[in-house]
Amino acid sequence: MKVPFLDLKPTHQALQSELEAAFRRVLASGNYILGTEVQAFEAEFAAYCGTRHCVGVGNGLDALQLILRAWGIGAGDEVIVPSNTYIATWLAVSHAGATPVPVEPLAATCNLDVARLAVAITPRTRAIIAVHLYGQPADMDAINAVAREHGLKVIEDAAQAHGARYKGRRAGSLGDAAGFSFYPGKNLGTLGDGGAITTNDAQLAEQLRAWRNYGSRSKYHNEFKGFNSRLDELQAALLRVKLPHLDAWNAARQQLALAYLNGLTDRAQTHHGEQYGNAQPNSDGLAGNGLVLPEVPHWASPVWHVFVVRSRQRDALQQQLAQAGIGTLVHYPIPPHLQPAYADAGYRSGDFPIAEQLHREVLSLPMYPQLGLTAQQQVIAALMAGTAHCP
Ligand SMILES: *Cc1c(COP(=O)(O)O)cnc(C)c1O
């Protein structure tokens, strides 16, 4: 039996009649941009995240960029970003006209190493973008404390973390503003592109409503040079069908993650899982079977957008799994600082060794709510067989 890395079809087949009804509702409304569906979704998603405001936008990249623009962050300013993230985090800063300043992660969690923040701050620094990578929240209290001390804004890149909790609070409510993506493969995805910003700042939300709509608050009055980046009415209607299921889908991911952690941990090693309570690094991180499993700090409730293991033989392991019919992906193969897109910044290989090591070693295993524990056992068995050959 083949096990795909991700299959979006079962989710949508299960909701087919509701999704079709939402489509028919929008079709019949005659209103296809910024209508009642967007308004209702914004209220529902803000309530879900525990924030006062939500502003629907065109995609996750724009969500991050528009926050920076609304704060007037641009040319001459610096914004701290993780050295290991999807390139969109960096591009949001670059497109706003500012300079991304990378900070290395903790290898154990793949999230920002707060101890490295202070040395990256200069008189030009205006903001920190913390990414909840792979669906695991970054250490937001510590990041907020550094930001407050230096008068910086904090943005959450929550594109992989819909529903994740940090000390009980939801991603999206943990900084000054947060950017979400509803790209189809995200934990909450639509049937196309979409994004949102959440914040408790009423003035920021008000400005963002103009930023996404040509700098206009009332029709044909353009106060500044805004963008066209609106969440589609149709996508909002589809998202309203899916949002009530998000917690159940995330719970299914958490069950799968626990089964991966239990199934892949060498029983002789420190036991992962159960309460997600084990934050101790396991020696050099290598378990007996040559895999490094994700570490979950006690304050984090991740939503496992992807389940990422590490191996020094990553490429060989990926090939062996492919031969066994198991789909995997690498998130991500090339760090942003070594992409041709950032050649102008003059970075070299070795500049961010932790990010570079992670990019060499990470492998994302099949993970989606309908994967099922039986198919997952096949993945675990193939991994145990595959890693047996690794030194
Ligand atoms: C997907 C993603 C984005 C960008 O979202 P789009 O909707 O594709 O623009 C930004 N940051 C992270 C971490 C992501 O995973």
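Indexing begins at 1, ligand by ligand and atom by atom, following the structure's order. Numbering of residues begins at 1 and proceeds along the displayed sequence.
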Looking only at heavy atoms, is any part of Asp157 under 4.0 Å from ligand 1, and if so is it the side chain, the backbone, or both, or is it neither?
side chain

For atom 8 (O) of ligand 1, find the nearest protein heavy atom and state the residue, atom name and distance (0.1 Å precision).
Ser181 OG, 4.0 Å

Considering non-hydrogen atoms of the protein only, which is the closest contact for atom 9 (O) of ligand 1, and what is the distance?
Leu61 N, 2.9 Å

In terms of hydrophobic clustering (I, L, V, M, F, W, Y; side-chain heavy atoms under 4.5 Å; direct or indirect links), are Tyr368 and Phe307 co-clustered?
yes

Heavy-atom count check: over 12 atoms from other residues, nucleotides or ligands less than 6.0 Å from Gln203 CD?
no

At a 4.0 Å threshold, what atoms of ligand 1 neighbour a non-hydrogen atom of Lys186?
1 (C), 2 (C), 3 (C), 14 (C), 15 (O)

If every non-hydrogen atom of [X] is compared with every non-hydrogen atom of [Y], which pair is closest and at what distance?
X: Asp62; Y: Ser229; value: OD2-OG, 2.6 Å
X: Tyr332; Y: Val362; value: N-CG2, 4.2 Å
X: Leu64; Y: Ala92; value: CB-CB, 3.5 Å

Just distances here: any N/O of [X] and N/O of ligand 1 closer than 3.5 Å?
X: Gly60; answer: yes
X: Ala88; answer: no
X: Gln160; answer: yes

Report yes or no: is the cationic atom of Arg170 (NZ for Lys, CZ for Arg) closer than 6.0 Å to the six-membered ring centre of Tyr48, at no more than 45° off its axis?
yes

